[in-house]
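When a residue number appears, it is its place in the shown sequence, counting from 1. For ligands, and for the atoms within them, numbers begin at 1 and follow the listed sequence.
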Amino acid sequence: MLGLMQEPPLNISSIIRHAARHHAAAEVVSRTVEGATHRTTYAEIEARARQLAGALRSLGIGAGDRVATLAWNGHRHLELYYAVSGMGAICHTINPRLSGDDITYIAAHAADAVLFADTSFAPLVAAAAPGLRATLRAVVFMTERAHMPDIVLPEGMDLLCYEEIVAAAAPLAAWPELDERSAASLCYTSGTTGRPKGVLYSHRSTLLHALASNMKDVFGLGAADRFLPVVPMFHVNAWGSPYSAPMSGASLIMPGRHLDGASLADMMNAERVTCSAGVPTVWLGLLQHLRASGKRLETVERLIIGGSACPPMLMRAFGDEYGIRVDHAWGMTEMSPIGTYNMPKSSNAALPPDAAFRLREKQGRVMYGVDMRIVNDDGAELPWDGATSGHLQVKGANVCSAYLGDAPGSALDAEGWFATGDVATVDAEGYMEITDRSKDVVKSGGEWISTVQLENIAVGHPDVAEAAVIAARHPKWDERPLLIVVARAGVTVDLASLRAFFDGKVAKWWQPDDIVVVDELPHTATGKIQKMALRDRFRDHLMPPAV
Ligand code: ADP
């Protein structure tokens, strides 16, 4: 017997409709590319998104067509999220920090029909357009006529102005009802190994992810929150916040292109931000600015950190010096992206402060809708003892099953698990801790050494600004850890003190065999350290010189 309940399809348009009707006055505040502060509301965003959807129709966009964006976090980007998915097309957010070659590759691979871009990306667009002649019909700059960039596009490709096409369009009277399994948005992984791969989210996966991430032990946003996503809308949908914030009625404060400590602190205070999310580098910048300027964050209650491991010193510094809670989260593009979030259980209440803090450093427990397990090289499941590390696998409604262009299910093993490429431990209470990337872990004499743990220790040393540990080839142990560091500005790294800094923090045999000081470390488009490039350069650093 079937249930007798209503079955509205889980469509993304339902989020903005809800926000417009029940949180009509909740704000969307954006710092524009031109430098002004733009204020609008969910009611206006919904109305303009319907009008923009009408404009997309006039441009010939229909169900399943790809509409690309190259844009910072701002109100027009939010309108595009809802207009494109809401009308049944696919919103393809492109990461402008990718190489020009990768941008052309993914826009062609996705067969993007129209590209919306912030004016600051005009040179990128001009460079990429000739390579996209086959599918790209128009470029729309997200601005008014007065600020339109003057670029030349290939013949047959239209150059349009966002505000003009919106003003000229007839709005959709209502959002269409779509099959909830239909594709809604597309995001490419940053391709640290090989070409980027497309992850194609559905309406259903996006909605379930937003609902689960709004639970109290995850992002848990509420109508009293003013949320500032530092994490860009061009990288895994700003961790789903353009959906989870309007769903809960939280206001969205959009920082635009300036993500340095001073700009963020100013906006957080001016706009009474309560919660924000970003990668560790961003929070390091903010911390340095606060310490140097003596400023405080007046209204921020918590900062969410993910994307790479949160250095424990960040958690302590914000907590002890500024009274701000730092929450650690983990996920990946293939997971929409949230997998785990770290919040205590009632059974953890009696932990002594040091043990409680140690627990907070972990990446956390899975949110509802995600399951995980760790396995050895042969695929056998490993125990949850907090010590045994293995390959981390996941499954769930917000986990991808195949990359764009591949057969459904092709990214999964026979039992439906997706291999994250991460190495982790899980403790008896289900707290997961990432110890490495599968391809980064140091395999010393058959034992695994966590490069993440060694890096966390290194960045805690006062002379060190940034650190990376790589597996260097070793004549006796196959691989040994090599520490590569960048000195803090104006400081010379005291190597003896840095070496001694590891004593008592990890076993002797885990300690780096050598330390190299470099001027800077190479980074990927998403700000992660490019270990592959470091391995290429330093792989043989510990080998005897060739004779
Ligand atoms: P990319 O496109 O670079 O893969 P993702 O955001 O998808 O970007 O990266 C996901 C990967 O980032 C994860 O598999 C993991 O290795 C790393 N990561 C994300 N969050 C954390 C975290 N809190 N701690 C450690 N590593 C993390």
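- Under a 3.5 Å cut-off, the side chain of D413 and the backbone N or O of E415 do form a donor-acceptor pair.
- Taking the six-membered ring where the residue is Trp, H92 and Y188 present tilted rings, their angle falling between 30° and 60°.
- At least one N or O atom of H235, backbone or side chain, sits closer than 3.5 Å to an N or O atom of ligand 1.
- When non-hydrogen atoms are compared, ligand 1 lies under 4.0 Å from neither the backbone nor the side chain of C310.
- Where the criterion is an N or O separation shorter than 3.5 Å, residue side chain and backbone included, I305 fails it with respect to ligand 1.
- At a 3.5 angstrom cut-off on N or O pairs, T333 counts as close to ligand 1.
- Looking at heavy atoms from C-beta onward, M268 lies in side-chain contact with V300 at the 4.5 angstrom threshold.
- The residue from D436, L392, D422 that puts a heavy atom closest to atom 13 (C) of ligand 1 is D422.
- Considering both main-chain and side-chain atoms, A329 comes within under 3.5 Å of ligand 1 through a nitrogen or oxygen pair.
- Across V84 and C91, no two heavy atoms sit closer than the pair CG1-N, 3.4 Å.
- H235 and W72 have their aromatic ring centers separated by at least 6.0 angstrom.
- Ligand 1 has no atom lying under 4.0 Å from any heavy atom of G421.
- Ligand 1 has a nitrogen or oxygen under 3.5 angstrom from a nitrogen or oxygen of G307.
- Under the 6.0 Å distance and 45° angle rule, R365 does not count as a cation-pi partner of Y341.
- Under a 4.0 Å criterion applied to the non-hydrogen atoms of Q363, ligand 1 contributes the atoms 22 (C), 23 (N), 24 (N), 25 (C).
- A salt bridge is absent between D478 and K443; no separation between the charged side-chain nitrogens and carboxylate oxygens falls under 4.0 Å.
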